[in-house]
Amino acid sequence: PAVMTKRTLKPEAIAYLLEGLKTQLSLTGSDLDQRLEQCLRASLRNAEAFLGYKVAMSDVVQTEKYALQIPLLYSPVARVTGVLVTSGDFIASVEDYRIEDGVLFIGTDIPGMETVQVFYEAGMDPDEIDADILQAVFMRAASLFEHPADQVDQYQRASVNLLRPHRLWK
């Protein structure tokens, strides 16, 4: 099977970022929260794509062909919460593993396994996110919120300048 991933932002990460965005926009109440969250998620995806790593803490499920070394697709990896291997109807939990430089190493080979599923948390806790990264995410989200039509604006350049020092260059 091809590599499949599912990433779900942690509710507490979204709540923290949403409150920061509302402060940025001097908004109170929750009437606009759904629209603000859409703008925030778009801004966050844009910043993470530019940076080359995940900012907001997320739960990730990564499924792929069984191997003893599994490169984890989202970084930074905060912790692995579980590893399952499967073959047909057989499912086993793996306890013997380690993480090194974003790669999961399974310690003991289990012959005949077809897939491996890794459950992990990736991203940063809100108090670990640099202020300029948060500001860039908030600036872009505020721009999307205040000007929903496509446009060329100064916020994008300013937000990119705030993100640039934190980018992983490959």
Side-chain angles (χ1 to χ4, degrees), residues 1-64 70-84 99 101-104 115-170:
V3 177
M4 295 185 305
T5 59
K6 180 180 179 198
R7 175 185 179 216
T8 307
L9 289 169
K10 289 192 167 282
E12 55 272 19
I14 285 292
Y16 176 85
L17 294 170
L18 186 59
E19 284 308 308
L21 177 58
K22 288 165 76 172
T23 300
Q24 175 90 9
L25 292 167
S26 300
L27 294 175
T28 58
S30 60
D31 295 349
L32 300 170
D33 281 4
Q34 185 176 2
R35 184 156 164 250
L36 287 167
E37 186 176 326
Q38 288 174 333
C39 295
L40 183 60
R41 286 176 182 271
S43 175
L44 190 59
R45 277 190 302 271
N46 181 270
E48 290 174 340
F50 179 83
L51 291 169
Y53 58 88
K54 300 304 171 201
V55 173
M57 188 62 75
S58 306
D59 290 315
V60 180
V61 179
Q62 181 174 325
T63 306
E64 61 184 83
I70 307 293
L72 300 177
L73 300 180
Y74 294 119
S75 67
V77 175
R79 70 185 187 106
V80 173
T81 57
V83 179
L84 297 177
I99 305 285
D101 297 325
V103 177
L104 176 98
T115 61
V116 62
Q117 203 169 40
V118 184
F119 300 84
Y120 61 101
E121 295 177 352
M124 296 178 268
D125 286 322
D127 59 340
E128 296 175 327
I129 303 171
D130 287 319
D132 44 354
I133 294 175
L134 283 174
Q135 185 61 32
V137 169
F138 294 154
M139 287 173 73
R140 192 71 198 128
S143 178
L144 291 169
F145 176 76
E146 292 171 341
H147 309 284
D150 284 341
Q151 66 173 352
V152 176
D153 67 310
Q154 296 297 319
Y155 291 111
Q156 185 171 8
R157 283 192 295 243
S159 63
V160 168
N161 287 336
L162 287 167
L163 294 172
R164 191 167 279 118
H166 303 280
R167 186 174 186 179
L168 291 178
W169 297 93
K170 296 180 183 184

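When a residue number appears, it is its place in the shown sequence, counting from 1.
- Ser143 places no side-chain N or O within donor-acceptor distance of the main-chain N or O of Met139, the cut-off being under 3.5 Å.
- No donor-acceptor distance shorter than 3.5 angstrom exists from the side chain of Glu146 to the backbone of Ala141, with no hydrogens or angles considered.
- At least one cation-pi condition fails for Arg79 and Tyr120: the charged atom is not both under 6.0 angstrom from the six-membered ring centre and inside a 45 degree cone around its axis.
- Taking 4.5 Å as the limit, every side-chain heavy atom of Tyr74 sits out of range of all side-chain heavy atoms of Ser58.
- Going from atom CZ of Arg140 over to atom CZ of Phe50 covers 13.0 Å, rounded to the nearest 0.5 Å.
- With Thr28 contributing its side chain and Ser26 its backbone, the two residues share no donor-acceptor pair below 3.5 Å.
- Applying the side-chain hydrogen bond (donor to acceptor under 3.5 Å, both in side chains) test to Glu12 and every residue at least two apart in sequence or in another chain returns nothing.
- Between the Gln62 side chain and the Leu73 main chain, a donor and an acceptor come within less than 3.5 Å of each other.
- With contacts defined as side-chain heavy-atom distances shorter than 4.5 Å, the pair Val80/Val118 qualifies.
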Before giving the answer on side chain to side chain contact (heavy atoms under 4.5 Å, CB included), spell out for Glu64 and Val116 the whole-Å C-alpha distance, their side-chain angles and the decisive distance to 0.1 Å.
-> CA-CA 6 Å; Glu64 61 184 83; Val116 62; 4.1 Å; yes
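- Residues Leu32 and Lys22 have side chains not in contact (no heavy-atom distance under 4.5 Å, counting atoms from C-beta outward).
- Judged by distance alone, with hydrogens and angles left aside, the side-chain atoms of Thr81 form a donor-acceptor pair with the main-chain N or O of Phe119 at under 3.5 Å.
- We find the CG-CG distance between Asp33 and Leu18 to be 4.5 Å, quoted to the nearest 0.5 Å.
- Using a 4.5 Å cut-off on side-chain heavy atoms (C-beta onward), Leu17 and Leu134 make contact.
- Considering every non-hydrogen atom in both Ala122 and Ser75, the closest pair reads CB-N, 4.5 Å.
- Remark: Phe145 CZ to Gln24 CD distance equals 12.5 Å, nearest 0.5 Å.
- Between Lys6 and Thr8 there is a side-chain heavy-atom pair separated by less than 4.5 Å.
- Under the side chain to side chain contact (heavy atoms under 4.5 Å, CB included) criterion, Ala42 pairs with Arg45, Leu144, sequence neighbours left out.
- Here the side chains of His166 and Asp130 are in contact, with some heavy-atom distance below 4.5 Å.
- Here the shortest heavy-atom pairing between Ala56 and Glu48 reads N-OE2, 3.3 Å.
- Looking at heavy atoms from C-beta onward, Thr63 lies out of side-chain contact with Thr5 at the 4.5 angstrom threshold.
- Residues Gln117 and Val61 are in side-chain contact: their nearest non-hydrogen atoms beyond the backbone lie under 4.5 Å apart.
- Taken from CG in Leu51 to CG in Asn46, the straight-line distance is 9.5 Å, to the nearest 0.5 Å.
- Using a 4.0 Å cut-off between charged side-chain N and carboxylate O, Asp59 and Arg7 make no salt bridge.
- Rounding to the nearest 0.5 Å gives a distance of 5.5 Å between CE of Met124 and CD1 of Ile129.
- From Leu21, atom CG reaches atom CD of Glu37 across 10.5 Å, with rounding to the nearest 0.5 Å.
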